[in-house]
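Structure first, then comments.
Below, chains carry the letters A, B, ... as their sequence lines are ordered, and counting in each starts from 1.
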Amino acid sequence: MGLRLYSTLSRRLEELAGDTVRMYVCGPTVYDLIHIGNARPFIVFDALRRYLESQGREVIYVQNITDIEDKIIRKAQEEGVPAGEIAARYTEEYFRDLERLGVNRPTHSPKATEYVPQMIELIEKLIEKGHAYVADGDVYFSVASFPEYGKLSGKVLEELEAGARIAVDERKRDPLDFALWKAAKPGEPKWPSPWGGGRPGWHTECVVMSMDILGVPLDIHAGGNDLIFPHHENEIAQAEALTGETFARIWLHNGMLTVRGEKMAKSTGNFAYAREVVAEYGTEAVRYFYLTRAYRKPLDFSDEALREAKRAVEGVYDFLWTAEGLPEEGEVPEGFSAGLSALQERFHARLSEDFDTAGAIGALQEMVGAAHRFRQGGGDPVGVRAAAALVRKLAEPLGLFQAERPRAEGRTEELIGLLIELRTELRKQKNFALADRIRDRLAELGVELRDTPEGTVWSLTRRAIARRPRGPGAPGPRFGRRQAPRSCSALPPSSSGPIGR
RNA sequence: GGCGGCGUAGCCAAGUGGCAAGGCGAGGGACUGCAAAUCCCUUAUUCCCCGGUUCGAAUCCGGGCGCCGCCUCCA
C-alpha cells in the first residue's frame, strides 16, 4: 500500500515511493533530560519508521546527537565539569528515555563531535564557492548568496530583514547570516580549524551527518515545527548551496505539545520530564496519547488527557487478555471475518493518508467493539481470538498492545486457584458474605475476580498493575511552572513495563 | 506586521464534496446473589460566524471572529 505524506516544503501530500527509505530526524541536544514534549517527534516518527518496515521497506533511520552546543557549555561551566562529561551523561540518559518511551533505536545515532573534520571540510567548500565568509575567527553563511533562502518557511528575505528581533552582529555582513563556525572564547571547548580554535555551528551538523550516512536527496527529513525556521531553512541553504541538488524530498514537521494552550518548553518552565510522565502513566498511555492526535496538530498535555489515554489502553488489554484465554478450536464465520477485513483496510487506508494514526487507532477500537458484540451474540470464541490477533498485529508498528498478560509468580497462581475454588463452593452454599470478602480482599491485593458463565476468571487488576509505589496522598508529577530543571540524580530510578507498574 | 496552522458532542478527537469514525465521561436498561466485564439505548438534525460555488459542503471559494506556533535557543 502506498503512503502519502504532507511535506512542509511543497505544502501538499507527496507520495513516498521506493523500497528503501532514507530518513533523518533531528535529535536532542544533550544538556538535560528530555521533556515529554521533546518525545513527540521521537514517538511519532519512530512509529512511521516501523510502519514503513512493516510494509516490507528498508528504512535507514538517522538521528543526530548534538553533543557540542552553547547550552552544554553553559551547563558544564555551572557544574564545573568538562562539556564532554555533560554530553556523555545526557546522551546515556537520552537512550534510556527512548527505551522508556518504547522507541526503537535509530539505525545510526551520529554525534556532532565525531564529525568536526567533515564539517570543517564543508565550511571550506562553502567559502570557496562564495557562500560563506570568515570574520574574526567566525565563519558565516551568506544568506544573500542563496536565492532560494526562505523556500521552506515561506519567508521573504526583505521582510525578515525588516524584523527588529534579529540581533545585529557587527561581524555579519547581513543580519540574517548564520554561524557555520564559532571561534572559542577562553575556557570553551575547541577544535582546530583553518580559522583558529572553535566549534561548529548547530545547523551544519545535520547537513554533514545526513549527507555522509544517507547521501542526497534524503527521502524524509523530520523534526518539530519549531525547527522549520531557522534550523531547517539553514540546512537547506548549506546543503543545496554546496551540492546544487535537492537536500530532502519530503519535510515532515510535528506540532508542538502545549500546556493550557502554550508550547511546552524548558525555557518557560511549563514542562515535565518524559521519564516522569512514563513512570506515572506508563509507556503505552503516552504513546496512545500522542498517536490518537494527528501528528501535525498541536496537542495539549494534561493529567486528564493522560489518564484518559491510559484507560483506553487498559480497555484494549482487557479485551486482548480475555480473548486470548478463550478456546482455540472452531472456525471464524465468514461474515465476521469480512467485517474484520474491512476494518483492516480502513486501518491501512487511514495510515496511508498522511499517517493518520488517530483514524487508524479508531479502526482498531472498532475491531474490539465488533468482537465484543460478536461474542455477546454467541459467536465462536475463535472469531474473538482472531480479532485479538489482528489488533495485535496491526498495532505492532505503533508500539501498542504487544504486552502479554502479567502472570503471578511462583505458587501464587495455585493459591489464587485454591481461593477461587473455595469461593465457588461458598457461593453455591449462598454464603455470599464470605465469598465477597474473599473477592474484596483479593482485590486489595491486586487480584481481580470476575464471575462469568464459564466460571470465575482472575487477573492482576489493571489498577494493581498500574499501582504506583507511592502513598495515595502523594503528589503526582507537577506540570505547572518550574523554576530550574532538576538534576538527573534527583529523579527516581527508572521504571518500565508495558502499561506502567 | 510577515509566514504557517487550528476552531467538529460535556471533554479528547478522526473525517477535506454524498447519510458526522473512535475514545473518555454521564444517564437509562439487559446480564449478575452482588460486583466486574460486556451488550443495548440516550448524550452533534450538525461541524466558530456570514456569504458564495454545487443536485449536494464539516469538507471547495471569499470575508469575518477566536486561538496557537515560527519570525531569537527550541522537538
Side-chain angles (χ1 to χ4, degrees), chain A residues 8 11 13 25-29 31 34-45 69-71 74 150 152-156 158-160 162-167 176 202 222-231 233 253-258 261-268 274 288-289 292-294 296-300 302 304-305 307-313 315-316 318-319 322 343 346 350 353-354 356-369 371-377 427 430-433 435-436 439-440 443 448-453 456-457 459 461-462:
Chain A
T8 309
R11 306 242 158 79
L13 292 170
V25 180
C26 280
T29 299
Y31 72 105
I34 59 166
H35 65 64
I36 190 63
N38 298 135
R40 187 172 190 184
F42 304 158
I43 289 173
V44 164
F45 298 126
E69 204 265 343
D70 294 6
K71 287 193 289 287
R74 198 185 317 135
L152 180 70
S153 56
K155 297 193 184 302
V156 181
E158 296 74 53
E159 280 162 2
L160 278 171
R165 295 182 68 189
I166 294 161
L176 291 171
W202 176 44
N225 68 12
D226 54 349
L227 296 182
I228 294 171
F229 190 90
H231 185 52
E233 194 72 71
H253 290 100
N254 62 276
M256 292 294 104
L257 186 72
T258 60
E262 270 180 38
K263 178 180 169 183
M264 179 180 281
K266 291 265 173 66
S267 56
T268 45
Y288 190 93
F289 167 70
T292 46
R293 170 78 173 181
R296 289 198 286 126
K297 292 187 180 178
L299 171 57
D300 204 60
S302 67
E304 180 52 36
R307 259 186 263 125
E308 182 189 317
K310 182 168 186 167
R311 276 191 290 265
V313 169
V316 175
D318 238 329
F319 163 70
T322 305
L343 286 169
R346 188 155 108 213
R350 294 273 32 98
E353 202 70 358
D354 202 22
D356 175 13
T357 51
I361 288 171
L364 295 185
Q365 290 282 7
E366 285 199 64
M367 287 182 197
V368 173
H372 278 313
R373 278 187 295 280
F374 177 70
R375 191 182 182 209
Q376 192 86 7
R427 288 177 67 219
K430 308 274 183 211
N431 188 344
F432 296 119
D436 288 351
R439 185 173 63 198
D440 292 345
E448 184 179 70
L449 299 189
R450 198 180 289 172
D451 300 320
T452 73
T456 301
V457 297
S459 59
T461 60
R462 307 185 312 211

Residue-phosphate contact under 4.0 Å: A:K263 side-chain N/O, B:C70 OP1/OP2
yes
Regarding A:G261, tell me which of base, sugar-phosphate or nothing describes its non-hydrogen contacts under 4.0 Å with the strands shown.
sugar-phosphate
Atom CZ of A:R375 with >12 non-hydrogen neighbours under 6.0 angstrom
no
Which value, in whole Å, describes the distance between the P atoms of nucleotides B:G51 and B:G56?
16 Å
Which residues share a side-chain hydrogen bond (donor to acceptor under 3.5 Å, both in side chains) with A:T322, sequence neighbours left out
none
One character per nucleotide, please: for nucleotides 6-13 of chain B, 5' to 3', B when the base has a protein heavy atom closer than 4.0 Å, S when only the sugar-phosphate does, - otherwise.
-S-----S
Pick the P atom in B:G33 and in B:A44, then give their distance to the nearest Å.
35 Å
Rounding to a whole Å, what distance do you find between A:H231:NE2 and B:G69:C1'?
17 Å
Should B:C3 form a Watson-Crick or G-U wobble pair with both distances under 3.5 Å, which nucleotide is its partner?
B:G69
Do the numbers put A:K155 on top of the ring of A:F229, so that NZ or CZ is under 6.0 Å from the six-membered ring centre and no more than 45° off the axis?
yes
Separation between the C1' atoms of B:G18 and B:C47, rounded to whole Å
16 Å
Under a 3.5 Å cut-off for both contacts, is B:U53 paired Watson-Crick or G-U wobble with anything, and if yes, with which nucleotide?
none
pair_partner(B:U43), Watson-Crick or wobble, both distances < 3.5 Å, evaluates to B:G25
Between protein and nucleic acid, restricted to nucleotides 31-35 of chain B and to nitrogen or oxygen atoms under 3.5 Å apart, what atom pairs and distances do you find?
residue	atom	partner	partner atom	Å
B:G33	O6	A:R427	NE	3.1
B:G33	N1	A:D436	OD1	2.8
B:G33	N1	A:D436	OD2	3.4
B:G33	N2	A:D436	OD1	3.4
B:G33	N2	A:D436	OD2	2.4
B:C34	O2	A:R439	NH2	2.4
B:C34	N3	A:R439	NH1	2.7
B:C34	N3	A:R439	NH2	3.1
B:C34	N4	A:R439	NH1	3.4
B:C34	N4	A:D451	OD2	3.1
B:A35	N6	A:D451	O	2.9
B:A35	N1	A:D451	N	3.0
B:A35	N3	A:R439	NH1	3.1

Describe the nucleic acid contact of A:L364 in one word from base, sugar-phosphate, nothing, applying a heavy-atom distance below 4.0 Å.
nothing
Please say whether the positively charged group of A:K310, taken as NZ for Lys or CZ for Arg, lies over the ring of A:F289, i.e. under 6.0 angstrom from the six-membered ring centre and within 45 degrees of the axis.
no
Which value, in whole Å, describes the distance between the P atoms of nucleotides B:A26 and B:G10?
16 Å
Spacing of A:L152 atom CG relative to B:C3 atom P, expressed in whole Å:
16 Å
Heavy atoms only, 4.0 Å cut-off, all strands: where does A:N225 land among base, sugar-phosphate and nothing?
sugar-phosphate
